[in-house]
Amino acid sequence: MPDNLTRICNLKDNVGKIVTLGGWVYHCRPGGKVIFLVLRDGSGLCQCVIEKANITEELFDQLKHLSTESSLTVTGTAKKDARSTGGYELAVTDAKILCPSKDYPITPKSHGTDFLLKNRHLHLRSQKTWCIGRIRHTLIDAIRTFFNSNGFTLVDTPILTGIAGEEAGSLFEVDYFGQPAHLTQTGQLHLESATMSFGKVYCFGPTFRAEKSKTRRHLTEFWMVEPEVAFIDLDGLLELSENFVASLVTAVLKNNRAELQTLGADIEALKKITAPFYRLTYTEAVDILTSKKTVDFFATQLEDFKTQKQSLLKKIDSLQGESETANKQWKKDKLAAELIDARAELGEIEIKIENNPKHAELAVNFQWGKDLGGSNETIISMMHDKPVFVTHYPAAAKAFYMKQNLDNADIVNNFDMLAPAGFGEIIGGSMREDDYEKLLNKINAQEYDLENYQWYLDLRRYGSVPHGGFGLGVERTLAWLTGEKHIRQCIAFPRMTDKIMI
RNA sequence: UCCCCGAUAGCUCAAUUGGUAGAGCGAGCGGCUGUUAACCGCUAGGUCGUAGGUUCGAGUCCUACUCGGGGAGCCA
């Protein structure tokens, strides 16, 4: 095995030199005397041009029959060539096939989500999945960089725990040597304890929620980063989180422009994401939801959907007409393929048309006091071109630890950050109740077992200070940045409602 | 837990009011020196999710079940 392989991303520094690449066949287009083989090596794509005259006949025949995802090394001269995938190509003089790949299940044509998830171990090699993975890497690096360079100390909170952060009922139970325990739902409670040691801390790891939510923004295992700060107020938390999110966007724009383009992300919209973000109170948000503005919003949206549906129906009609009169077989085939795409699109629009009045009703009939639902957040989010803070939710709808507002006992000093373009919540955070009596009353009112919370109450017994923090969902943030519809695409091996594929 | 939709070739999907199971891609063989999801010709590939029912006849209609998708609730 050669140990002097050149990576495709470094070809630009090796133009004119003889190099060896190691990778997998992304595409292979064999000709009679020339083979165009696009090689994938994990750092990029490179078209390798194999001319029959330049290698042995035996090797040429072997390469000619090489199928997708076969592994090999190829040696040749690196050239700059605008016609080539990636801008550089290799004039091949030698190659060594390591493992031919027969009947690779993932083809260049479309596949269903179920099939791709069952083949996730192979789907990771696909271009789109690879691009998302690269951006995820940047995102996570930027998250750590932001906190590390702003005076935060990393504290690793336990994954196995006996204490619940939010309401129970959405916990994965585990048998811990005969004792009941569960997988962590948040590191927050432990983090509050660490804040009283370091002042500014964060934890970053997987989080587990046994919610049976079949939506595009739920996973049962996801990654969350949670900062916690002592001596801060709600305004301070908002500033921290908007500077934080803006820094993430900057890092991704700087490092992953090509990947964002491949994925079709809205780069111009991302460029606008700079602090400060918009600020709304929960009460203001409810006013918007129940206003004429929202009624109009849904009406306009419905009209758009209907227009789209009509033009799709027209397209399908004309495609069918063309198909009947087409005399060439290849023309018919092409039309058939277009018909399939148009029908799939039509199906999606019809679902949107069906959901529109349901979501409109949920918004218009919204009652002050309830938590904002996913579709409500989507509306608020779609009305803005930057992230929106929604603050001061009703206390009854929120977790016991959130700090009661001093002017209005019915609300808490908390906030959600909604990403724009309709993606919805990516951050949830709050000031924490630092008053011993008030916290004790909340725990009792929820009928939690007081024994379990004595250590948490200790934080309010010994030198309690105003403090707060928030949690940012990595996959949701990534879905927003990349324009992915579903967050299951934003983690290598997604875990969804009571199903583990691989 | 509730509501809606779906299951046909390895994959993505067609099949008129119930009447002989079809395409593209992928796979195999052949052709082509500049291809970009290449193209052209040929070949193989099916217990129509499972179990019942209606019918002369069911992929198509009815019932139940299994699995999947979307949404609600809940949330990052």
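The analysis underlying the following values was restricted to heavy atoms, covering all of them including side chains, and did not include hydrogens, waters or symmetry mates. We name chains A, B, ... by the order of the sequence lines, and we start the count at 1 in each one.
When A:Thr157, A:Thr195, A:Val201 are each tested for a side-chain contact (heavy atoms from CB on, under 4.5 Å) with A:His190, only one passes: A:Thr157. Here the rule is side-chain contact (heavy atoms from CB on, under 4.5 Å) with A:Arg120, and of A:Leu116, A:Leu124, A:Leu122 only A:Leu124 fits it. Partner A:Val225 forms a side-chain contact (heavy atoms from CB on, under 4.5 Å) with one of A:Leu139, A:Leu472, A:Thr207, A:Ile140 and no other, that one being A:Leu472.
For the residue pair A:Tyr401 and A:Gln188, a side-chain donor N or O sits within less than 3.5 Å of a side-chain acceptor on the partner. Side-chain N/O atoms of A:Trp24 and A:Ser70 include no donor and acceptor closer than 3.5 Å. A donor-acceptor pair shorter than 3.5 Å cannot be found between the side chains of A:Arg136 and A:Thr138. No side-chain donor from either of A:Asp416 and A:Tyr282 sits under 3.5 Å from a side-chain acceptor of the other.
Annotation: side chain of A:Leu72 is in contact with side chain of A:Leu66 (closest heavy-atom distance under 4.5 Å). Within the 4.5 Å cutoff, the side chain of A:Ser430 has no heavy atoms near those of the A:Asn413 side chain.
Neither OP1 nor OP2 of B:C11 sits under 4.0 Å from any side-chain N or O of A:His123. For A:Arg488, a side-chain nitrogen or oxygen approaches OP1 or OP2 of B:G70 to under 4.0 Å. Contact check, A:Lys102 against B:G28: a side-chain N or O comes under 4.0 Å of OP1 or OP2. Distances shorter than 4.0 Å separate none of the side-chain N or O atoms of A:Arg217 from OP1 or OP2 on B:C74.
One cannot find a donor-acceptor pair under 3.5 Å joining the base of B:G34 and the side-chain atoms of A:Glu51. For A:Arg476 against B:C75, a side-chain-to-base donor-acceptor contact under 3.5 Å is present.
The distance from atom CG of A:Leu418 to atom P of B:C75 is 14 Å, rounded to the nearest whole Å. Across the protein-nucleic acid pair, A:His359 atom NE2 and B:C4 atom P stand 15 Å apart, rounded to whole Å. Note: CD1 (A:Ile143) to C1' (B:A76) measures 12 Å, nearest angstrom. For A:Ile35 and B:C32, the CD1 to C1' distance is 13 Å, given to the nearest whole Å. The distance between atom CG of A:Asn355 and atom P of B:A72, rounded to the nearest whole Å, is 7 Å. Taking atom NZ of residue A:Lys398 and atom P of nucleotide B:C74, one finds them 10 Å apart after rounding to whole Å. Nucleotide B:A76 holds its C1' atom 14 Å from the CD1 atom of A:Ile140, rounded to whole Å. The distance from atom NZ of A:Lys118 to atom P of B:C11 is 9 Å, rounded to the nearest whole Å.
Of the candidates B:U35, B:A27, B:C4, B:U35 carries the atom nearest the A:Arg83 side chain, counting heavy atoms from C-beta on. In the set B:G73, B:A76, B:A38, the nucleotide with an atom closest to the side chain of A:Thr215 is B:G73. Of the candidate nucleotides B:C75, B:C4, B:G28, B:C75 has the atom nearest to the side chain of A:Glu377. Distance from the side chain of A:Val34 is smallest to B:U33 among B:G28, B:U33, B:G70. Taking the side chain of A:Leu362 as heavy atoms from C-beta on, and the options B:A37, B:A72, B:G70, the nearest nucleotide is B:A72. Distance from the side chain of A:Arg29 is smallest to B:U35 among B:U35, B:C75, B:C29.
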I'd like a list of close polar pairs between nucleotides 43-45 of chain B and the protein, N/O only, cut-off under 3.5 Å.
none

For nucleotides 7-10 of chain B, list the nitrogen or oxygen atoms of the protein found under 3.5 Å from its nitrogen or oxygen atoms, one pair per line.
none

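Using a 4.0 Å heavy-atom distance criterion, A:Ser375 is classed as a sugar-phosphate-only contact. The residue A:Lys52 sits apart from the nucleic acid: no heavy atom pair falls under 4.0 Å. Residue contacts shown for A:Asp371 are limited to sugar-phosphate atoms, with no base heavy atom under 4.0 Å away. Among the protein residues, A:Glu89 comes within range of the nucleic acid bases, having at least one heavy atom under 4.0 Å from a base atom. A:Gly112 comes within 4.0 angstrom of the backbone, heavy atoms only, and of no base. If you check every strand for non-hydrogen atoms under 4.0 Å, A:Gln47 touches a base. No contact: A:Ile106 has no heavy atom under 4.0 Å from any strand.
Ring geometry for A:Phe152 against A:Tyr202 counts as perpendicular: the plane angle is over 60°, on a 0 to 90° scale with 30° as the lower cut. The aromatic rings of A:Phe204 and A:Trp223 stand perpendicular to each other, their planes meeting at an angle above 60°, with 30° marking the opposite boundary. Aromatic ring pairs are classed by plane angle as parallel below 30°, tilted from 30° to 60° and perpendicular above 60°; the pair A:Phe172 and A:Phe208 is perpendicular.
Figure legend: A:Lys442 and A:Phe400 shown without cation-pi pairing, the cationic atom not lying both under 6.0 angstrom from the six-membered ring centre and within 45 degrees of its axis. Relative to the ring axis of A:Phe366, A:Lys370 places its NZ or CZ within 45° and under 6.0 Å from the centre.
With the nearest nucleotide of RNA chain B identified for both A:Gly428 and A:Ala53, A:Ala53 has the one nearer the 5' end. Where A:Val49 and A:Leu472 each meet RNA chain B at their nearest nucleotide, the meeting point lying more 5' is that of A:Val49.
Atom P of B:A27 sits at a distance of 42 Å from the matching atom of B:U63, rounded to the whole Å. For the P atom pair drawn from B:C48 and B:G68, the interatomic distance equals 22 Å after rounding to whole Å.
One finds the CE atom of A:Met224 at 11.0 Å from the CD1 atom of A:Ile427 (value rounded to the nearest 0.5 Å).
Every stem involving RNA chain B, taken as at least 3 paired positions in a row under the Watson-Crick or G-U wobble test at 3.5 Å, is listed here: B:1-7 with B:66-72, B:10-13 with B:22-25, B:27-31 with B:39-43, B:49-53 with B:61-65.
Both stacking criteria are satisfied for A:Phe222 over the base of B:A76: a centre-to-centre distance under 5.5 angstrom and an angle between ring planes under 30 degrees.
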